[in-house]
Amino acid sequence: MKNPQEKAPIYEALHEFGKRRVVPFDVPGHKRGRGNPELKALLGDKCVSMDVNSMKPLDNLCHPVSVIQEAEKLAAEAFGAAHAFLMVGGTTSAVQAMVLACVKRGEKIILPRNVHRSVMGALVLCGAIPVYVNPDSDERLGIPLGMKVKDVEAAVLANPDAKAILVNNPTYYGICSDLREITRIAHAHDMLCLADEAHGTHFYFSDDLPVSAMAAGADIAAVSMHKSGGSLTQSSFLLTGPKVSAGYMRQIINLTQTTSASYLLMSSLDISRRNLALHGREKFADVVKLVEYARKEINAIGGYYAYSSELINGDSVFDFDVTKLAVHTLDIGLAGIEVYDLLRDEYEIQAEFGDLANILAYVSIGDRKQEMERLVSALMEIRRRFGGKNSGNLMTQEYFEPDVAVSPQEAFYSEKESLPLDETEGRICSEFVMCYPPGIPILAPGERITKEILEYIHYAREKGCSLTGPEDEQILRLNVLLRDESSTGR
């Protein structure tokens with residue numbers, strides 16, 4: 001009997017549609033590329049011919065009844081979910097949909113502060129109140145870790161009216177909390193468990209990697225297929241368990257997702273799901289071997305530290321994603337962002353990101369050993385050419401315990417004033433400040449600005465980190481709540 005996962009219903013429907021000589025009196029206006037020859041030359045005939053509008057033979061993402069519906073069922077089966085939704089607004093839209101589906105204005109959600117900006121954006125939109133579980137941090141590496149179970153339990157007992165708990169599975173650096181136990185705690189207190197799995201697609205296709213959200217019993221997971229799953233940029237899945245109403249989730253998604261869904265993105269999700277369902281286990285086993293090889297070679301250089309599962313402590317680092325090639329750089333006398341820039345500018349190697357203490361090389365199913373050897377050689381040369389003795393004055397702190405004065409929504413929409421950056425200490429921020437990537441806010445709306453945070457922003461800018469978020473693109477000024485509102489915000 002044929003494996004149903006061999007099907008790719010959206011792609012197959014597009015292929016059949018392409019055989020017909022349909023005259024396009026609908027959008028998009030480039031009319032299969034004829035109206036924009038430069039675009040056609042750039043992307044090719046095949047691509048522009050598949051950039052079509054929703055219609056009966058091709059279904060409609062807002063209310064799927066045929067090929068998209070079938071593709072979602074196949075994805076749910078492949079990922080072990082009760083339902084899967086195709087998302088064409090990136091994992092940001094998936095994360096925001098799952099938050100908006102679970103909490104509304106005035107309701108509480110328990111979460112770590114080292115969440116992606118998309119989570120904080122969802123709180124601005126819905127008006128929910130964050131209850132932060134401060135993650136541990138590794139002082140040497142300068143990275144936030146996971147949530148301790150006892151800290152989650154304490155937050156739940158102190159906030160029994162909370163509606164959900166959100167977990168990073170994993171963090172950008174590969175750190176995993178005890179998702180099974182946190183899910184058990186959530187369900188025991190009638191809360192939902194949500195997982196941001198932007199960096200955990202591969203967990204679903206290996207028994208040697210940390211547990212996936214659906215296998216752990218979580219209720220909703222946002223899975224970034226375009227990161228490690230091989231689909232086109234901006235395409236993701238939103239997975240739900242049996243406790244979540246698929247119809248209601250569709251309504252929430254349709255509040256913000258486009259009504260003109262890209263068939264290029266959807267077909268890439270369809271094909272990538274098929275690829276992983278049929279070959280994912282062997283492909284990700286090869287990825288693990290490739291990263292382990294690189295980690296061993298990088299650690300042999302000296303000065304660098306490519307960390308791995310030795311960080312596991314059974315709690316704040318319950319598990320570790322060994323496909324993450326994160327490398328600590330401070331011991332060669334260079335900040336991570338400096339090594340990141342050198343790799344690109346001197347060696348034509350584009351890493352995923354560099355922070356003040358680490359770089360991350362994102363490795364997945366498209367990487368080969370020869371490129372990995374080039375990375376290792378470049379790191380060796382960077383140490384020799386640019387490295388120096390660590391003077392001990394390189395900043396490493398990547399996590400600041402937030403002083404939350406008002407809710408993100410209240411702060412974002414309140415009356416505000418713009419002040420020079422150095423005059424904002426003690427005031428309540430009304431906008432985001434973050435290094436992107438990784439997109440974890442240094443400041444979020446509603447949080448009090450401290451001297452330490454200002455020093456960090458100055459240092460990150462000096463080192464070349466890409467700071468984003470504020471209305472002032474140069475990050476010379478910040479919007480803060482007016483003094484009378486700020487003084488009563490605690």
Side-chain angles (χ1 to χ4, degrees), residues 1-17 50 52 54-91 93-95 97-98 101 192 194-195 197 200-206 212-226 228-232 234-254 257-259 261-281 283:
M1 183 178 178
K2 186 176 180 179
N3 182 351
Q5 289 295 330
E6 293 179 11
K7 297 187 66 178
I10 299 174
Y11 168 72
E12 291 162 7
L14 276 172
H15 184 69
E16 288 302 312
F17 179 77
M50 293 177 68
V52 294
S54 296
M55 59 189 77
K56 278 190 176 182
L58 299 178
D59 210 354
N60 188 304
L61 185 60
C62 294
H63 184 74
V65 295
S66 58
V67 293
I68 296 176
Q69 183 183 72
E70 185 181 0
E72 289 184 339
K73 288 179 178 178
L74 288 169
E77 179 184 284
F79 285 84
H83 201 95
F85 299 86
L86 276 65
M87 306 296 294
V88 295
T91 310
S93 67
V95 167
M98 73 178 179
L192 295 175
L194 319 181
E197 285 190 313
T201 305
H202 42 294
F203 290 0
Y204 290 87
F205 304 97
S206 175
S212 68
M214 290 296 104
D219 299 290
I220 314 176
V223 177
S224 195
M225 277 291 281
H226 72 90
S228 62
S231 64
L232 289 176
Q234 203 176 302
S235 57
S236 298
F237 284 126
L238 183 63
L239 309 176
T240 59
K243 293 175 64 175
V244 177
S245 165
Y248 180 66
M249 182 58 76
R250 180 85 66 192
Q251 287 182 320
I252 294 293
I253 291 169
N254 284 343
Q257 183 156 257
T258 178
T259 55
S262 167
Y263 278 86
L264 297 174
L265 297 181
M266 289 192 289
S267 59
S268 83
L269 281 171
D270 205 17
I271 294 168
S272 298
R273 179 271 313 154
R274 178 174 66 182
N275 183 38
L276 295 187
L278 299 178
H279 311 294
R281 290 183 174 274
K283 286 180 179 291

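What's counted below: heavy atoms across the whole structure, side chains too, no hydrogens, waters or symmetry copies.
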(message) Ignoring hydrogens, what is the shortest heavy-atom contact between A84 and L239? Give both atom names and the distance.
(response) CB-CD2, 3.7 Å
(message) What I'd like to find out is whether the side chain of T91 reaches to under 4.5 Å of the side chain of V223, using heavy atoms alone.
(response) no
(request) Check whether any side-chain heavy atom of L232 lies under 4.5 Å from a side-chain heavy atom of M225, and answer yes or no. (result) no
(request) Decide yes or no for F237 and E72: does some side-chain heavy atom of the first lie under 4.5 Å from some side-chain heavy atom of the second? (result) no
(request) State, with a plain yes or no, whether a side-chain heavy atom of L86 is found less than 4.5 Å away from one of L61. (result) yes
(message) Could you check whether any side-chain heavy atom of F205 comes within less than 4.5 Å of a side-chain heavy atom of F79, counting everything from C-beta outward?
(response) yes
(message) For a quick test of reading the model, state the closest non-hydrogen atom pair linking M214 to G241 and the distance between them.
(response) SD-N, 4.2 Å
(request) List the atom of R250, the atom of C62, and the distance in Å for their closest heavy-atom pair. (result) CD-O, 3.6 Å
(request) Mind listing the closest non-hydrogen atom pair of P4 and E77 along with its distance? (result) CG-OE2, 4.0 Å
(request) Report yes if some heavy atom in the side chain of L58 is under 4.5 Å from a heavy atom in the side chain of L14; otherwise report no. (result) yes
(request) For D270 and E12, run side-chain contact (heavy atoms from CB on, under 4.5 Å): C-alpha distance rounded to whole Å, both residues' side-chain angles, the deciding distance at 0.1 Å, then the answer. (result) CA-CA 10 Å; D270 205 17; E12 291 162 7; over 6 Å; no
(request) Might you point out which heavy atoms bring M266 and A261 nearest each other, and give the distance in Å? (result) CE-CB, 3.8 Å
(request) Could you go through the side-chain contact (heavy atoms from CB on, under 4.5 Å) check for S235 and M87 one step at a time? (result) CA-CA 6 Å; S235 57; M87 306 296 294; over 6 Å; no
(message) Side chains of Q5 and R274, heavy atoms from C-beta outward: is any pair under 4.5 Å?
(response) no
(message) To the nearest 0.5 Å, what is the distance between OG on S268 and CE on M50?
(response) 9.5 Å
(message) With rounding to the nearest 0.5 angstrom, report the CD to OH distance, E16 to Y11.
(response) 10.0 Å
(request) Measure the spacing between NE2 of H202 and OG of S212 and express it to the nearest 0.5 Å. (result) 11.0 Å
(request) For residues A101 and M249, report the shortest heavy-atom separation together with the two atoms involved. (result) CB-CE, 3.6 Å
(message) Side chains of S231 and H226: any donor to acceptor distance under 3.5 Å?
(response) no
(request) Would you confirm whether S206, through its side chain, and F203, through its main-chain N or O, come within 3.5 Å as a donor-acceptor pair? (result) no
(request) For I253 and L238, run side-chain contact (heavy atoms from CB on, under 4.5 Å): C-alpha distance rounded to whole Å, both residues' side-chain angles, the deciding distance at 0.1 Å, then the answer. (result) CA-CA 10 Å; I253 291 169; L238 183 63; 3.8 Å; yes
(message) Among I252, L194, L192, V244, which residue satisfies the side-chain contact (heavy atoms from CB on, under 4.5 Å) criterion with M98?
(response) L194
(request) Examine F85 together with H83 and report whether their ring centres are nearer than 6.0 Å. (result) yes
(message) For a 4.5 angstrom cut-off between non-hydrogen side-chain atoms, does P9 reach L74?
(response) yes
(request) To the nearest 0.5 Å, tell me how far S93 OG sits from Q234 CD. (result) 8.0 Å
(message) Would the distance check show the side chain of D59 and the main-chain N or O of V65 forming a donor-acceptor pair, the cut-off being under 3.5 Å?
(response) yes
(request) Output, in order, the C-alpha distance, side-chain angles, deciding distance and verdict of side-chain contact (heavy atoms from CB on, under 4.5 Å) for I68 and Y263. (result) CA-CA 10 Å; I68 296 176; Y263 278 86; 4.1 Å; yes
